[in-house]
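Working notes for the structure below.
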Amino acid sequence: MQAVIFSQTGKPTEVLEPIEVPLPEPGPNEVRIRVIASPINPADLLFVQNLYGIRPRLPSGVGFEGVGRVDKLGEGVTMRTGIRVSFTTLGAWSDYVVVNQRGLIPVPDAIPDEVAAQLFVNPFTAYAMVQDTGLHPDQWLLLTAAGSAFSKIVIQLCRRKGIRTIGTVRHNDLNEELTALGLTELINVEEQDLIGRVKAVTEGKGVAGVLDAVGGHTATEAFQCLARGGTMFIYGLLSLQDPTFNSGLMIFRELTVKGFWLSDWMRRVDSQTRQQVAQNVIDLLASGQVALPIEAAYPLAGIKQAVEHAERHGRHGKILLKI
Ligand SMILES: NC(=O)c1ccc[n+]([C@@H]2O[C@H](COP(=O)([O-])OP(=O)(O)OC[C@H]3O[C@@H](n4cnc5c(N)ncnc54)[C@H](OP(=O)(O)O)[C@@H]3O)[C@@H](O)[C@H]2O)c1
């Protein structure tokens, strides 16, 4: 079978390669899955560059989530073979993966493969982070990198809750799409003054929360848009640059800056909360109320072109590896 691996960390287009590897066998409490599709997420590319929260053990597989069909059961597993499951593991960019049964969610027929492949990383994070903000209807939430798959889900969840959203972008290619999803205000940071526009839109009050994935200058300015008692959640490293926080603002407006990582959230919350969030995410995706668009699909053998496409500006959706 084929799998994408890397033997040294570095630029993904240079170090990732599809190779032939033996078919893996499931151990106790594990299942083998015939993979159907897996997305290319920023976390995968950070992992290959050794910039992620876990370090690769080389040579390493890559890809943290996907959808597939259960193909073989390990000892102690009672589920049916053939059922379609979303899974989270390391090494999803592969014809087959072996996954602990705890990392599986059976998916209803109403969720297409393209959506089921992306079920864990962005929908879970979006759902959990909107909950963690504790925002109420009519409060303002500022999202940096508003065109990302993650932000598109947050925008749709906030619209349903009546939370008003301001999103930053760096080009105008997605403006219509983001407005149609329910983004209340859009700010192109290449053309407009972020702090001045947020002040005008919120009638001088500022935003109650910021979700930042960009860092650097954009996050520095987004922090200054917080209203008294506001919180900035940092969950991404897109610019690979650190923001600077104004200590005076932090003290005299009692602002909070917090990190968020889905892996830690999964460990932090109890199993009932995890199951509740999973059920809510499945219901939203099965009802078609939240869309997760795809821009293109590539075979494993086309991994370099797929990654180049994933790194392009102005994408309208995810790049999938279809296996
Ligand atoms: N902490 C967690 O647990 C967690 C979980 C899920 C996702 N995330 C993070 O969430 C973020 C979004 O993930 P995703 O899968 O939704 O991404 P995605 O769909 O691949 O989209 C990436 C977006 O980021 C924008 N972007 C890239 N580099 C940028 C930069 N330097 N400055 C401004 N915008 C930039 C791109 O816009 P352009 O069109 O302008 O290039 C694109 O809209 C990532 O940082 C990811 O790591 C974190």
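In listed order, ligands and their atoms are each counted from 1. Just so we're clear, the structure is a prediction, and the values are computed from it rather than from any experiment. Below, each value reflects all heavy atoms present in this structure, side chains not excepted, and no hydrogens, waters or symmetry copies.
- Under a 3.5 Å cut-off, the side chain of R228 and the backbone N or O of F252 do form a donor-acceptor pair.
- Although no hydrogens or angles enter the test, the distance criterion places a donor-acceptor pair under 3.5 Å between the side chain of T88 and the main chain of F64.
- For ligand 1, the atoms lying closer than 4.0 Å to a non-hydrogen atom of H313 are 39 (O), 41 (O).
- Closest to atom 19 (O) of ligand 1 by heavy atom, among G147, G53, A149, is A149.
- If you check each of A126, P39, P42 against atom 17 (O) of ligand 1, the one with the closest non-hydrogen atom is P42.
- Remark: ligand 1 atoms within the under-4.0 Å shell around heavy atoms of Y235 are 1 (N), 2 (C), 4 (C), 8 (N), 9 (C), 10 (O), 11 (C), 48 (C).
- Scanning the protein heavy atoms around atom 20 (O) of ligand 1, the nearest turns out to be R315 NH2, 2.8 Å.
- Here the closest non-hydrogen pair linking S86 and V107 is OG-CG1, 3.2 Å.
- Those atoms of ligand 1 that come under 4.0 Å of a heavy atom in V121, given as number and element, are 6 (C).
- Between L174 and ligand 1, no N or O atom pair is found at a separation short of 3.5 Å.
- Under 4.0 angstrom from ligand 1, the non-hydrogen atoms of V214 all belong to its side chain.
- For ligand 1, the polar-atom distance check finds an N/O of F260 within less than 3.5 Å of one of the ligand's N/O atoms.
- Comparing A43, S148, G314 against atom 12 (C) of ligand 1, the shortest heavy-atom distance belongs to S148.
- Put simply, OG on S148 and CG on L211 are 10.0 Å apart, with the number rounded to the nearest 0.5 Å.
- In summary, the atoms of ligand 1 found under 4.0 Å from a heavy atom of G236, numbered by their order in the structure, are 45 (O).
- For ligand 1, the atoms closer than 4.0 angstrom to any heavy atom of H171 are 38 (P), 39 (O), 40 (O).
- Contact annotation for T125 and ligand 1: only side-chain heavy atoms (C-beta onward) come within less than 4.0 Å of the ligand.
- Close approach to N41 involves these atoms of ligand 1, each under 4.0 Å from a residue heavy atom: 15 (O).
- Among the atoms of R312, none of the N or O lies under 3.5 angstrom from an N or O of ligand 1.
- With a heavy-atom cut-off of 4.0 Å, R170 touches ligand 1 through its side chain alone.
- For ligand 1 and K318, the ligand atoms under 4.0 Å from any heavy atom of the residue are 14 (P), 15 (O), 17 (O), 18 (P), 19 (O), 20 (O).
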